[in-house]
Amino acid sequence: MTDAGDQETSDYDIQSIQAKWQAYWEAEGTFVTRDDDPRPRKYVLDMFPYPSGDLHMGHAEAFAFGDIVARYWRQRGCNVLHPIGWDSFGLPAENAAIQRGANPVTWTYDNIAQQRESFRRYGVSFDWSRVLHTSDPEYYKWNQWLFLRLFERGLAYRKESWVNWDPVDQTVLANEQVLADGTSERTGALVVKKKLTQWYFRVTEYADRLLDDLNQLEGAWPSRVLQMQRNWIGRSIGADVDFVIEGRDEPVTVFTTRPDTLYGATFMVVAPDSDLAAELVAGSSDEVRMAFEAYLERTGRLTEIERQDAERPKTGVPLGRWAINPLSGERLPIWAADYVLADYGHGAVMAVPAHDQRDLDFAREFDLPVRVVVDTTAPVTGAVPVIVTDPATGEPMQPVDLAEIDPAVTGKALAGDGRLINSGPIDGLSKQHAITRVIELLEERGTGRAAKNYRLRDWLISRQRFWGTPIPIIHGADGELVPVPEDQLPIVLPPTDGLDLKPKGQSPLGAATDWVEVPDPRDGSPARRDPDTMDTFVDSSWYFLRFLSATDDTRAFDPAAAERWAPVDQYVGGVEHAILHLLYARFITKVLFDMGLVSFTEPFSALLNQGMVLGTDGKKLSKRSGEGATFAGQLEEHGADALRLALAFAGPPEDNIHWDDVRPAAAARFLGRAFRLAADVSSPPEAVWQDGDLALRRATHRFLAEGAQLAESLKFNVLVARLMELSNAIRRTVESQGPADPAVREAVEVLTIGLSLFAPHTAEEMWERLGHAPSVATAGWRRPDPALLVEDTVTAIVQVNGKVRDRLEVPAKIADAELEALARASENVQRAIGESQIVKVIVRAPSLVNIATKG
RNA sequence: GCCGGUGUGGCGGAAUGGCAGACGCGACCGACUCAAACUCGGUUGCCCGAAAGGGCGUGUGGGUUCGACCCCCACCACCGGCACCA
């Protein structure tokens with residue numbers, strides 16, 4: 001790879017330069033962060049990698065971005081914390097181990113060693129003294145500690161429920177791990193529903209805060225991610241309404257976002273797979289019961305995708321029971337239908353077919369009555385009923401003939417706003433006012449209340465697999481859940497010898513007899529450990545705090561260190577975690593806040609979601625699509641600096657990029673030119689810049705000012721372009737003024753400092769060539785001289801009717817009148833005006849004159 | 001269906017109310033070379049023109065403005081999220 005380079009530019013051999021400076025940084029501890037450093041602190045973090053083989057191009061991009069930010073703030077004189085660790089528990093290790101009959105421990109730590117070496121060769125400025133692996137007992141001990149804290153606060157609990165089951169990995173999944181098409185995020189297998197007792201974290205208790213606090217992140221997180229989180233939490237505001245059921249003591253509560261349409265309810269629907277349906281039908285005739293059983297059986301056979309297909313015709317069976325409308329007293333038949341979900345709201349709805357499309361589809365299918373209670377053609381004018389008059393005649397308007405838009409006929413539900421009709425005490429009100437009024441009426445009667453509902457479900461955290469954090473709970477013989485006493489933590493995984501790790505629907509830990517059978521902490525009687533392990537997203541929900549005191553074996557993290565460093569100033573990672581990891585980390589942070597352990601409620605103050613690196617086929621670069629673009633291969637062929645620079649230059653960091661558009665060879669060419677500039681500089685380090693070429697000095701200082709802004713707004717691609725412009729300007733000056741011009745030295749030094757964010761090895765070598773002591777990483781971003789940021793002369797543009805007709809070199813301090821006179825005098829301008837009349841002249845000295853003409 | 005985002009040369013992109021296309025890739029021409037590669041220099045939105053210069057041009061149609069890639073309205077296309085969520 002280096003044959004051409006060897007003979008021609010023996011000076012710039014990137015591989016030996018890399019090795020030299022990597023060894024230097026390591027020996028000097030250049031990037032080790034000290035807590036007692038008094039400078040302003042910045043915490044820059046990339047989402048830690050999962051050790052599944054070597055690093056790939058996605059890592060190369062993401063970690064380049066994180067490193068640019070870290071290196072920028074270091075140049076700005078900050079004490080930067082930029083740690084690294086591994087998210088090293090999880091199924092790929094376990095599955096790989098099963099396939100090869102190997103040990104997940106060996107597989108995992110071998111991969112970590114390889115990735116670690118790759119990071120080192122990539123020249124990422126990590127503080128290696130704080131490395132953590134979530135699969136180390138020293139780490140997962142604190143996972144268990146965290147679980148116990150949630151358990152004692154009632155935020156970790158067990159319940160039986162319908163859960164998502166991955167038939168390939170043979171374990172349950174969190175809602176967040178099931179993709180929109182009903183397949184497993186991990187294995188791609190079609191997820192099936194199973195009724196199981198599992199461990200949950202009570203995320204829903206934090207739903208409001210998780211939603212409302214997103215407002216704090218506006219502008220600092222990508223709007224796409226904020227939107228996705230809001231969608232996922234899915235708050236609906238409305239009312240709970242209690243319906244008395246004939247022949248049942250307890251009323252049935254339903255949630256609705258449209259309490260205003262209560263008078264339009266003509267039947268009630270319950271989810272067929274709910275306990276409520278089973279109970280209600282138990283009180284019905286044999287005939288009804290048999291029809292229901294058959295229906296329930298049929299529903300159970302549907303896949304999740306089939307069931308969620310909104311186009312599918314509505315199905316259902318009557319339950320032979322009746323509900324009483326709490327306001328109108330009307331008797332409503334109760335049906336079971338699978339378009340109502342057991343686990344949202346109360347698993348039952350009041351059906352208002354005139355104003356809800358799903359209810360209407362169902363009503364039309366089964367010939368149930370449709371009653372319009374909102375005249376959506378009526379103007380909405382206010383709170384009190386008013387008689388609307390015809391503006392033409394002044395006569396009171398007759399109620400609109402609704403036949404034309406009758407949902408029973410058109411099949412289209414009337415979802416819009418309007419004026420209430422057929423609704424007794426709320427007739428005439430607008431939708432909004434009717435909602436308020438109905439809730440008041442229900443509350444007065446004690447048969448309903450304002451309510452909220454969420455799409456978000458509690459986080460299912462138990463997994464029936466081996467390679468994860470054991471859940472620190474002991475099941476007493478009496479069925480009690482006994483927390484493991486803290487002094488017995490960590491509960492360390494048993495050795496894999498003799499354990500069958502194959503997925504079989506139950507945790508392999510249950511078969512480790514010596515491990516699972518323990519005395520009950522209460523009285524020493526025989527008891528069993530919980531055999532499940534935790535979702536690895538628990539591990540990653542707080543790891544950013546562990547870095548702050550990574551070796552402290554007395555606590556999960558040091559609150560004083562958290563106070564100093566956290567929250568993370570800049571977080572960098574893929575959009576695939578827009579919901580999963582980020583939601584969980586936000587949740588755990590709020591729990592820690594409630595525990596008084598941290599003083600902030602959001603873990604990541606700013607977030608950069610880097611795009612993906614795609615192959616020509618538009619798919620994520622993988623070993624399969626290949627195209628020769630492996631991380632290791634590119635590192636070998638072009639070197640770390642060219643790869644980093646090319647990735648940063650390929651486009652805005654948040655956009656996906658195609659590997660074809662990443663040009664490491666072009667980046668290497670640019671680095672070679674920059675390096676030669678440093679070699680060309682022939683003035684001494686103490687040269688007086690003020691004596692140098694003014695135009696170049698201006699360009700240099702403009703770069704200092706603009707480059708800083710670009711770095712802070714994460715516009716790395718533009719920042720690289722500015723470095724190239726500066727480099728071009730320097731070359732021109734070398735040609736015209738010679739390499740001894742002090743302005744050339746100044747500019748090359750600034751270029752080197754700028755390059756140190758992207759191409760740290762080349763920059764170090766240039767810095768040394770320039771006669772400076774290492775390291776350029778801490779040389780400092782120079783302050784632009786304000787005097788050099790203002791120009792003496794500027795190019796004014798002269799427009800006629802908005803079209804540019806001339807350009808004038810004018811003094812920057814030119815007066816409006818003078819500029820206008822010059823503009824009018826221009827030959828091109830006169831020609832453009834011709835015979836037309838000048839109607840208006842806009843002058844914005846010194847940059848613009850616009851002459852508007854007529855005729 | 002609901003919500004959000006994006007549309008600029010052959011390509012990646014820059015410009016957030018004031019010179020559209022910075023910077024780079026690619027292409028073409030030239031220098032170096034026996035030759036090629038590398039490297040270096042030049043040209044490069046489209047159309048008319050020898051040139052000067054002119055016309056057109058930021059998805060489409062309209063609007064606001066002296067002036068619009070940028071702001072407003074409508075539409076089209078693509079991408080993403082959610083979706084039988086009551």
Side-chain angles (χ1 to χ4, degrees), chain A residues 3-5 7-9 180 222-236 238 241 254-258 261 269 271 307-312 314 337-341 343-352 355-359 361-362 415 453-457 575 578-579 618 645-646 649-652 654-658 660-663 665-667 669-670 672-673 676 715 717-728 731 735 795-807 827-828 831-832 838-844 847-853:
Chain A
D3 14 319
Q7 47 183 3
E8 302 230 354
T9 51
S223 55
R224 179 173 46 153
V225 175
L226 296 176
Q227 193 56 41
M228 284 166 76
Q229 294 235 346
R230 288 187 179 117
N231 266 341
W232 189 261
I233 296 166
R235 180 162 65 195
S236 298
V241 185
V254 304
F255 174 75
T256 177
T257 53
R258 292 293 304 275
T261 63
V269 187
R307 177 160 178 174
Q308 289 189 1
D309 177 10
E311 304 302 308
R312 192 167 55 95
K314 293 282 181 287
D338 63 7
Y339 78 92
V340 173
L341 308 175
D343 60 351
Y344 182 78
H346 305 283
V349 302
M350 64 178 218
V352 186
H355 303 289
D356 182 282
Q357 192 60 49
R358 297 152 301 178
D359 297 342
D361 294 344
F362 190 82
N453 246 294
Y454 305 91
R455 221 191 66 89
L456 181 71
R457 308 295 149 83
V575 76
I579 295 171
L645 192 73
F649 186 54
E654 62 276 11
D655 288 4
N656 290 340
I657 53 178
H658 285 94
D660 314 17
D661 299 323
V662 179
R663 305 316 263 253
R669 216 148 53 215
F670 166 64
R673 283 196 293 270
R676 257 168 273 135
K715 294 182 174 177
N717 56 327
V718 187
L719 182 49
V720 172
R722 296 292 174 264
L723 282 166
M724 290 172 169
E725 285 176 86
L726 180 60
S727 153
N728 292 342
R731 177 51 67 195
E735 302 293 326
T795 306
I797 57 161
V798 186
Q799 302 176 324
V800 178
N801 295 322
K803 288 200 170 94
V804 179
R805 296 300 175 181
D806 205 359
R807 295 176 173 80
E827 208 176 294
N828 288 350
R831 187 171 44 232
I838 296 177
V839 288
K840 193 167 182 183
V841 181
I842 310 291
V843 185
R844 296 271 180 281
S847 56
L848 177 123
V849 177
N850 189 11
I851 300 171
T853 68

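On a predicted model such as this, the values are computed, not experimentally measured, just so you know. Chain letters run A, B, ... following the sequence lines, proteins first, then strands; residues in each count from 1.
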Name the nucleic acid region contacted by [X], choosing base, sugar-phosphate or nothing; use a 4.0 angstrom heavy-atom cut-off, strictly under.
| X | answer |
| --- | --- |
| T257(A) | sugar-phosphate |
| N728(A) | sugar-phosphate |
| R669(A) | sugar-phosphate |
| R844(A) | base |
| R673(A) | sugar-phosphate |

From [options], pick the nucleotide closest to the side chain of [X]?
| X | options | value |
| --- | --- | --- |
| V718(A) | C40(B), C11(B), A15(B) | A15(B) |
| M724(A) | G5(B), G18(B), G24(B) | G24(B) |
| V349(A) | A86(B), U39(B), G13(B) | A86(B) |

**Message:** Suppose we call a contact any N or O donor and acceptor under 3.5 Å apart; does that hold for the side chain of Q799(A) and the base of G18(B)?
**Reply:**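 Side chain to base: pair present.
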**Request:** Establish whether the base of C25(B) is bridged to the side chain of R663(A) by a donor-acceptor pair shorter than 3.5 Å.
**Result:**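 Answer is no: no donor-acceptor pair is held.
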Interatomic distance at [atom1], [N] relative to [M], whole Å:
| N | M | atom1 | answer |
| --- | --- | --- | --- |
| U16(B) | G10(B) | C1' | 27 Å |
| U58(B) | C46(B) | P | 15 Å |
| G17(B) | C70(B) | C1' | 7 Å |
| G54(B) | G49(B) | C1' | 9 Å |
| G26(B) | C38(B) | P | 10 Å |
| C25(B) | U43(B) | P | 15 Å |
| U44(B) | G21(B) | C1' | 12 Å |
| A77(B) | U8(B) | C1' | 16 Å |

**Message:** Taking D661(A)'s backbone N and O only, do any of them form a donor-acceptor pair with R663(A)'s side chain (distance below 3.5 Å, no angle check)?
**Reply:**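 Not at all, since once roles are kept as given, no pair shorter than 3.5 Å links the two residues.
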**Request:** For D356(A) and A351(A), indicate whether the former's side chain and the latter's backbone hold a donor-acceptor pair under 3.5 Å.
**Result:**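 Judged by distance alone, no pair lies under 3.5 Å.
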**Prompt:** Looking only at side chains, do N828(A) and R831(A) share a donor and an acceptor under 3.5 Å apart?
**Reply:**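 Looking only at side-chain atoms, R831(A) and N828(A) do form a donor-acceptor pair, the distance falling under 3.5 Å.
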